[in-house]
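Only one structure is covered here, and it is reproduced in the block below.
Each residue takes its place number in the sequence, starting with 1. Since this is a predicted model, take the numbers as computed values, not measurements. Values reported hereafter were calculated over all heavy atoms of this structure, with side chains retained and with hydrogens, waters and symmetry mates removed.
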Amino acid sequence: MSTDNPNYPSGSDPSGLYLPGQTLLLDADDTLWENNIYFERAIAAFISYVDHHEYSREEVREKLNEVERENTRLHGYGLGSFRRSLTICFERLSGESITPEKHERIVSFVQSIADQEIELLPGVAEAIPELASRHRLILMSKGAQAEQADKLERSGLASYFTGVEIPKEKNPAAYHAVVAKYELAPHSTWMIGNSPKSDINPALAAGLHAVYIHHPGTWVLEHDEFTKPGDGQKLLDLGNFAELLKHF
């Protein structure tokens with residue numbers, strides 16, 4: 001998935017590397033480090049705890065997806081929002097208010113995520129310093145401000161970024177705001193991430209280039225059909241983070 005000639009990409013040298021001085025906006029969760037796998041484990045534990053006699057596990061999961069769609073629109077992302085979604089889902093499925101004991105059990109599922117150490121994805125620890133030596137790196141990851149900032153600090157990668165942006169939602173307006181704030185040139189600015197919905201399509205809509213990096217555990221609510229790049233825009237499709245070094 002690329003609009004580039006693989007041998008001589010526009011704006012690159014004959015080796016195929018884009019010239020130094022590009023701005024790389026980098027997603028964090030499931031791009032730099034594992035994230036959704038911990039939520040999936042918590043959800044599996046929640047579904048087992050619900051043990052619904054009418055709905056299958058798949059149907060309970062779809063009910064939770066519906067609640068999360070509603071809840072993230074109202075309350076954003078992060079562990080607090082996730083806890084609220086589990087509670088609402090439990091109450092809807094059971095038809096009664098949650099007891100303190102059951103609420104404590106649900107909180108334990110969420111706490112299991114908070115207790116996870118940061119696990120960098122393969123190739124990230126080696127690639128980030130090299131990318132930062134040639135290009136400007138700005139973290140752009142939606143979510144709860146304190147949670148995302150804490151994960152970045154614990155990742156050991158913070159020193160490589162010249163800016164950190166944690167919007168409530170990554171839509172075209174958020175990308176336009178970052179471009180204006182840092183006075184970025186769209187023709188040399190790339191959004192890099194694993195989510196078609198939040199990373200790729202809105203960045204292209206804002207006039208930027210984009211790099212899609214596959215992750216097998218991308219959250220189902222981040223799935224979307226890819227937007228076709230506009231004239232002069234580039235969209236790269238890479239299998240893993242280390243492949244960025246072949247282009248940047």
Side-chain angles (χ1 to χ4, degrees), residues 1-32 123-124 126-143 145 148-149 152 155 157-214 222 224 226-248:
M1 184 193 304
S2 171
T3 59
D4 294 329
N5 179 309
N7 295 318
Y8 296 98
S10 175
S12 66
D13 65 25
S15 71
L17 286 172
Y18 286 94
L19 298 176
Q22 308 286 313
T23 297
L24 308 182
L25 306 177
L26 286 157
D27 175 52
D29 293 339
D30 295 320
T31 297
L32 297 178
V124 170
E126 298 78 14
I128 284 289
E130 190 168 342
L131 291 171
S133 72
R134 295 193 291 268
H135 307 287
R136 183 184 191 183
L137 307 188
I138 297 173
L139 190 82
M140 188 167 180
S141 186
K142 71 182 181 184
Q145 180 81 27
Q148 293 300 96
L152 176 60
S155 74
L157 302 176
S159 64
Y160 296 107
F161 291 92
T162 62
V164 176
E165 296 298 319
I166 307 175
K168 292 183 178 180
E169 190 65 76
K170 289 199 291 192
N171 51 30
Y175 287 99
H176 282 302
V178 169
V179 167
K181 177 178 178 178
Y182 294 94
E183 300 182 339
L184 305 180
H187 71 272
S188 61
T189 301
W190 304 72
M191 180 61 209
I192 300 169
N194 68 297
S195 168
K197 180 182 177 182
S198 295
D199 299 324
I200 307 305
N201 293 342
L204 291 173
L208 310 180
H209 306 303
V211 181
Y212 173 61
I213 299 182
H214 288 255
E222 291 296 328
D224 202 358
F226 285 97
T227 299
K228 184 178 180 180
D231 292 341
Q233 287 183 298
K234 303 174 182 66
L235 172 57
L236 306 181
D237 185 344
L238 305 184
N240 57 67
F241 197 89
E243 289 184 24
L244 285 168
L245 297 179
K246 297 178 182 178
H247 301 274
F248 300 96

Mind telling me whether F248 and Y18 have parallel, tilted or perpendicular rings, with 30° and 60° as the class edges? parallel
Does a side-chain heavy-atom distance below 4.5 Å link [X] with [Y]?
X: F226; Y: D237; value: no
X: Y175; Y: L25; value: yes
X: E243; Y: V211; value: no
X: K234; Y: P229; value: no

Working note: H247 + L238, criterion side-chain contact (heavy atoms from CB on, under 4.5 Å); need CA distance, chi angles, decisive distance, verdict. CA-CA 10 Å; H247 301 274; L238 305 184; 3.6 Å; yes
Show the nearest heavy-atom pair for residues [X] and [Y], with the distance to one decimal.
X: G163; Y: Y182; value: CA-OH, 3.6 Å
X: G123; Y: A242; value: CA-CB, 4.3 Å
X: S141; Y: D29; value: OG-N, 4.0 Å
X: I166; Y: A149; value: CD1-N, 3.8 Å
X: M191; Y: D199; value: CG-O, 3.2 Å
X: S195; Y: S198; value: OG-N, 2.9 Å

Once rounded to the nearest 0.5 Å, what's the spacing between atom [atom1] of [X] and atom [atom2] of [Y]?
X: I138; Y: H135; atom1: CD1; atom2: NE2; value: 13.5 Å
X: L244; Y: I192; atom1: CG; atom2: CD1; value: 5.0 Å
X: R134; Y: L245; atom1: CZ; atom2: CG; value: 6.0 Å
X: Q22; Y: T189; atom1: CD; atom2: OG1; value: 8.0 Å
X: T23; Y: E183; atom1: OG1; atom2: CD; value: 11.5 Å
X: W190; Y: L24; atom1: CH2; atom2: CG; value: 9.0 Å

How would you list, by chain and number, every residue that makes a side chain to side chain contact (heavy atoms under 4.5 Å, CB included) with V124, sequence neighbours excluded?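 Side chain to side chain contact (heavy atoms under 4.5 Å, CB included) list for V124, sorted by chain: L32, L120, L121, I128, L157, F241.
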Partner residues of A185 under the side chain to side chain contact (heavy atoms under 4.5 Å, CB included) criterion, sequence neighbours left out: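 Per chain and number, A185 pairs via side chain to side chain contact (heavy atoms under 4.5 Å, CB included) with H187, S188.
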Evaluate I213 against D27 for side-chain contact (heavy atoms from CB on, under 4.5 Å), listing each step before the verdict. CA-CA 10 Å; I213 299 182; D27 175 52; over 6 Å; no
Test: E169 and K142 ion pair at under 4.0 Å: yes
Where the side chain of [X] meets the backbone of [Y], is there a donor-acceptor pair that is under 3.5 Å apart?
X: Q233; Y: L208; result: yes
X: R136; Y: T162; result: no
X: D224; Y: P196; result: no
X: K170; Y: P202; result: no

